[in-house]
**Q** 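This is the structure, below, for whatever I ask next.
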Amino acid sequence: MTRIQAIRGTKDLLGDELARWRFLEETVRAVAERSGYEEIRTPIFESTDLFSRSIGTDTDIVQKEMYTFPDRKGRSLTLRPEGTASVVRAFLENHLARERPIAKVYYIGPMFRYERPQKGRFRQFHQFGTEVLGPEDAFYDAETIAVFHSILGSVGLGDLTVRLGSVGDESCRPAYVERLSAYLRGRREDLSEISRERLERNPLRVLDSKEEEDRAVVREAPSILEDLCDSCAKHLDEVRRALDRAGIPHALDAGLVRGLDYYTRTVFEIHHDRLGAQSALGGGGRYDRLAEDLGGPRTPGVGFSAGMERIVSVAEELAIRWEMPRELRILVAPLSERASEEVLPILLRLRARWRADGSARPRNLKTVLKQANREGAGLLLLLGGEESAPGSALVKRLDSGEQENILLDRLEERIEEIASRIAAPGAARKE
RNA sequence: GUGGGCGUAGCUCAGCUGGUAGAGCCCCAGACUGUGGAUCUGGUUGUCGCGGGUUCGAUCCCCGUCGCUCACCCCA
């Protein structure tokens, strides 16, 4: 019998690793909510059309990376490969534009792409991100980058590189793509084989090439930043100035090409060099036409999404300690068969106030102490010990070893008192 | 989809030119006849990823397959 195991590119999260995830999630929520964003949760699967229409039928995501399947009535469904399309769909479907001029939302959740897994890349991965729908102001582009930057800073990540670019809009991009293709065709002989293929499919992708031979060609290629129309150039300039004022260093990157077709104007990525080949922690940009493409009224938008696996991975490599303040934990242990009957009722009383766990069967004291240490308990409540009378228990502090007998009638009261001493500043800790 | 590396105990890994397995950690127990994190002693755990081939005999060699991993592509 072969044992069933997790699907390739997916994994279980537990223990210390899960603790880091929870810390990251709480940080995301805290920073986003402080910044005026509300959570949104959209379905994990959607109509396939939603993604092919928004992300673009020529992109790798749509062409080969989607988890698409027919449901029982033959409709084509897809596990979401990214978050923005769903958010915009939900925005239109729930008529959020009628309720407020600006919608600011954030999300956290799993995404799915059928790719060969490697470091920092999985088939089920997790992203958090924000979207601002409604306004067109560069203020929100800068705020988006700032919120992302601030989340990374709040979890202790420094040495970040913010790359900023613009892909123009419908009035200046087509002309640029034409100019770029003309240039690349002229230097066709100097390009790598892969890039020659890209030239036909999507010339912008050539700019992102990592092939050594392409670098020189790309370096001399016309830059879209010089071809931007006046309004796009002005927008980019405003984003830069806002970032400068906010003290967020950034580098202009003319070759920034993102994997989704819906972007207009601003695009950006934040990188960290401790991540191997997949150095992007996340990215995003503006998508002023997406709502229209999905059948709604024109609604400008800007957002980012970030990879949780990648952020956790960098934090691990940098040995950043992500720990939530630990609440007091109480372990209840019976030392006799009779006392074990008392365990559950006492646990239920304790759990009204504290985090408490206990053992079902009596065990010898040494074992109990070892277990308490291993589990990081703060207090140990021993029932049925030799020196405790019926109706009483021995409470022992695991840090100092101090112990005292207490009456079960006054359990909560006494624990409260002891707990406050543990929490008190300057409490002796024997580490 | 393509290429490299790797699959041996719960974990990290050894295993010499083929003779059907070991170390450390962890865990459990004892020394310490009811007071912990140290030390010492002892103990449990394996379809050697799976299938086939070569061989008297395969964890080891060959082929296939599955999985993991890193890289390419692309991206979170």
Side-chain angles (χ1 to χ4, degrees), chain A residues 1-11 15 55 58-65 80-84 108-129 148 152 192-195 197-198 201-202 204-206 208-212 214 256-260 267 269-272 275-284 303-314 331 333-336 362-377 380 382 384-388 394-403 429-431:
Chain A
M1 274 289 255
T2 33
R3 213 156 40 175
I4 295 176
Q5 50 189 151
I7 305 294
R8 167 167 233 202
T10 70
K11 64 176 194 171
I55 295 168
D58 286 339
T59 58
D60 282 356
I61 292 179
V62 170
Q63 287 196 334
K64 51 183 190 186
E65 296 173 2
R80 63 182 186 193
E82 62 107 33
T84 303
I108 304 179
M111 307 292 166
F112 305 84
R113 291 184 202 171
Y114 191 93
E115 291 184 274
R116 199 79 174 256
Q118 70 184 72
K119 182 168 181 161
R121 193 169 72 191
F122 305 89
R123 289 187 172 176
Q124 174 172 335
F125 59 105
H126 298 75
Q127 290 188 327
F128 59 84
F148 184 12
L152 295 174
S192 66
E193 197 178 327
I194 310 160
S195 285
E197 286 172 31
R198 291 196 193 113
R201 280 215 329 267
N202 191 345
L204 288 173
R205 293 255 161 259
V206 177
D208 199 31
S209 174
K210 287 160 183 115
E211 303 293 317
E212 192 58 47
D214 294 334
L256 202 57
V257 175
R258 312 242 338 125
L260 307 101
V267 291
E269 289 178 353
I270 298 187
H271 290 252
H272 197 286
L275 210 55
Q278 316 295 330
S279 70
L281 295 177
F304 81 89
S305 64
M308 309 221 347
E309 281 81 358
R310 292 186 182 181
I311 292 169
V312 169
S313 159
V314 170
L331 184 66
L335 295 175
S336 69
R363 295 199 289 165
N364 67 54
L365 185 58
K366 181 176 171 175
T367 307
V368 168
L369 284 163
K370 283 177 83 168
Q371 184 199 345
N373 280 316
R374 193 168 55 232
E375 293 176 2
L380 183 58
L382 295 166
E386 281 166 2
E387 61 259 35
S388 47
L394 189 68
V395 177
K396 183 178 178 70
R397 282 176 61 163
L398 272 298
D399 55 351
S400 63
E402 285 175 69
Q403 58 188 46
R429 281 207 81 97
K430 193 170 87 181
E431 285 293 319

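Each chain gets a letter, A, B and so on, in the order its sequence line appears, and its residues count up from 1. Note that the structure is a prediction, hence the values are computed from the model and not measured.
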**Q** Can you tell me the base-pairing partner of B/G18? Count Watson-Crick or G-U wobble geometry only, both distances below 3.5 Å, and say none if there is no partner.
**A**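 Result: none.
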
**Q** Measure from CD on A/E309 to P on B/A76 and round the result to the nearest Å.
**A**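 Nearest whole value for this atom pair: 13 Å.
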
**Q** For A/L380 and B/G34, what is the distance between atoms CG and C1' respectively, to the nearest whole Å?
**A**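 Rounding to the nearest Å, CG of A/L380 and C1' of B/G34 are 12 Å apart.
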
**Q** Mapping A/I7 and A/R363 to their closest nucleotides on RNA chain B, which lands nearer the 5' end?
**A**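 It is A/R363 whose nearest nucleotide is closer to the 5' end.
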
**Q** Between A/T367 and B/A29, is there a side-chain N or O to OP1/OP2 distance below 4.0 Å?
**A**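 Answer is yes, contact under 4.0 Å.
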
**Q** Report yes if the side chains of A/E82 and A/I55 come closer than 4.5 Å at any heavy-atom pair, otherwise no.
**A**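 Yes. Closest side-chain heavy atoms under 4.5 Å.
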
**Q** Could you check whether A/Q371 gets within reach of a base, just the sugar-phosphate, or nothing at all, counting any heavy atom under 4.0 Å?
**A**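 Nothing, no nucleic acid heavy atom in range.
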
**Q** Between B/C75, B/A31, B/U69, spot the one nearest the side chain of A/K366, thanks.
**A**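 So the nucleotide nearest the side chain must be B/A31.
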
**Q** Between B/C74, B/U35, B/A76, spot the one nearest the side chain of A/E65, thanks.
**A**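 Per side-chain heavy atoms of A/E65, the pick is B/C74.
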
**Q** Are side-chain heavy atoms of A/Q124 and A/K11 found at a separation under 4.5 Å?
**A**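 Answer no - side chains too far apart.
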
**Q** Taking A/R310 for the side chain and A/A280 for the main chain, is one N or O donor matched with an acceptor at less than 3.5 Å?
**A**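 Flag set: sc A/R310 to bb A/A280 pair under 3.5 Å.
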
**Q** Using atom C1' of each nucleotide, how far apart are B/U55 and B/C74 to the nearest Å?
**A**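 My reading of the C1' atoms in B/U55 and B/C74 gives 48 Å.
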
**Q** In this structure, how many angstroms lie between the P atom of B/G1 and the NZ atom of A/K64, rounded?
**A**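 After rounding, the gap between these two atoms is 11 Å.
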
**Q** Taking N and O atoms by type only, does the side chain of A/K119 place a donor or acceptor under 3.5 Å from a partner on the base of B/U69?
**A**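 Answer is no: no donor-acceptor pair is held.
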
**Q** If we take the C1' atom in both B/C63 and B/U54, what is their distance in whole Å?
**A**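 Between the two C1' atoms, the distance is 11 Å.
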
**Q** Under 3.5 Å for both donor-acceptor distances, Watson-Crick or wobble: does B/G24 have a partner, and if so which one?
**A**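 The base-pairing partner of B/G24, which may sit in any strand shown, is B/C11.
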
**Q** For the backbone of A/P110 and the side chain of A/R80, can you confirm whether one donor and one acceptor N or O come within less than 3.5 Å of each other?
**A**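 The answer is yes, because a donor-acceptor pair under 3.5 Å joins these two groups.
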
**Q** Taking atom P in both B/U44 and B/G22, compute the distance separating them and give it to the nearest angstrom.
**A**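 Per the computed distance, 12 Å lies between those P atoms.
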
**Q** Can you tell me how far C1' in B/G46 sits from the matching atom in B/A23, rounded to whole Å?
**A**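 Nearest-Å result for B/G46 against B/A23 at atom C1': 15 Å.
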
**Q** Could one point to a donor on the side chain of A/Q118 or the base of B/C73 with an acceptor on the other under 3.5 Å away?
**A**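 When only heavy-atom distances are counted, A/Q118 does reach the base of B/C73 through a donor-acceptor pair under 3.5 Å.
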
**Q** Of the nucleotides B/C70, B/A76, B/G34, which one has an atom closest to the side chain of A/L335?
**A**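 Output: B/G34.
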
**Q** Identify the nucleotide, in any strand shown, that forms a Watson-Crick or G-U wobble pair with B/A58, with both distances under 3.5 Å; if there is none, say none.
**A**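 Pair assignment: B/A58 / none.
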
**Q** When the C1' atoms of B/C11 and B/C50 are considered, how many whole Å apart are they?
**A**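 Nearest-Å result for B/C11 against B/C50 at atom C1': 23 Å.
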
**Q** Please check: side-chain N/O of A/R363 versus main-chain N/O of A/L335, any donor-acceptor pairing under 3.5 Å?
**A**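 Answer holds: no.
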
**Q** Evaluate the side-chain proximity of A/L331 to A/E375: yes if any heavy-atom separation is below 4.5 Å, no if none is.
**A**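 In short, these two side chains touch, coming nearer than 4.5 Å.
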
**Q** Need to verify one output field. Residue with the more 5' nearest nucleotide on RNA chain B, A/S305 or A/N364?
**A**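 Nearest nucleotide further toward 5': that of A/N364.
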
**Q** Using whole Å, what does the distance between atom C1' of nucleotide B/U69 and atom CZ of A/F122 come to?
**A**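 Rounded to the whole Å, the gap is 11 Å.
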
**Q** When we call it a touch if two heavy atoms are under 4.0 Å apart, what does A/R374 touch: a base, just sugar-phosphate, or nothing?
**A**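 Sugar-phosphate: the residue A/R374, judged by heavy atoms under 4.0 Å, touches backbone atoms but no base.
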
**Q** Nearest to the A/R116 side chain among B/U69, B/A76, B/G30, which nucleotide is it?
**A**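 Nearest listed nucleotide: B/U69.
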
**Q** A/E115 has an atom CD; how far is it from atom C1' of B/A71, in whole Å?
**A**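 Computing the A/E115:CD to B/A71:C1' distance gives 14 Å.
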
**Q** Partner of B/G1 by Watson-Crick or G-U wobble geometry, both contacts under 3.5 Å, or none?
**A**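 Partner of B/G1: B/C72.
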
**Q** Using Watson-Crick or G-U wobble geometry with both distances below 3.5 Å, tell me the partner of B/U33, or none.
**A**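 Paired with B/U33, as far as the under-3.5 Å criterion goes, is no nucleotide at all.
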
**Q** Using the P atom as the reference point in each nucleotide, state the distance between B/C6 and B/A14 in Å, no decimals.
**A**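 11 Å, rounded to whole Å.
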
**Q** Tell me which nucleotide, if any, is Watson-Crick or G-U wobble paired with B/G67 when both distances must be under 3.5 Å.
**A**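 When the pairing criteria are applied, B/C6 turns out to be the nucleotide that pairs with B/G67.
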
**Q** I'd like the C1' distance from B/C75 over to B/U59, given in whole Å.
**A**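 Comparing C1' positions in B/U59 and B/C75 gives a spacing of 40 Å.
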
**Q** Expressed in whole Å, how much space separates the P atoms belonging to B/A31 and B/C70?
**A**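 The answer is 48 Å between these two P atoms.
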
**Q** Could you tell me the separation between the CZ atom of A/R121 and the P atom of B/C73, rounded to a whole number of Å?
**A**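 Rounded to whole Å, this separation is 10 Å.
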
**Q** How long is the line joining CG of A/L369 and C1' of B/C32, in whole Å?
**A**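 So the CG-C1' distance, A/L369 to B/C32, works out to 13 Å.
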
**Q** Please tell me if the side chains of A/H271 and A/E269 come closer than 4.5 Å, counting only heavy atoms from C-beta onward.
**A**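 Answer yes - side chains close enough.
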
**Q** Please report the distance, rounded to the nearest Å, between CE in A/M111 and P in B/C75.
**A**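 It works out to 17 Å between those atoms.
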
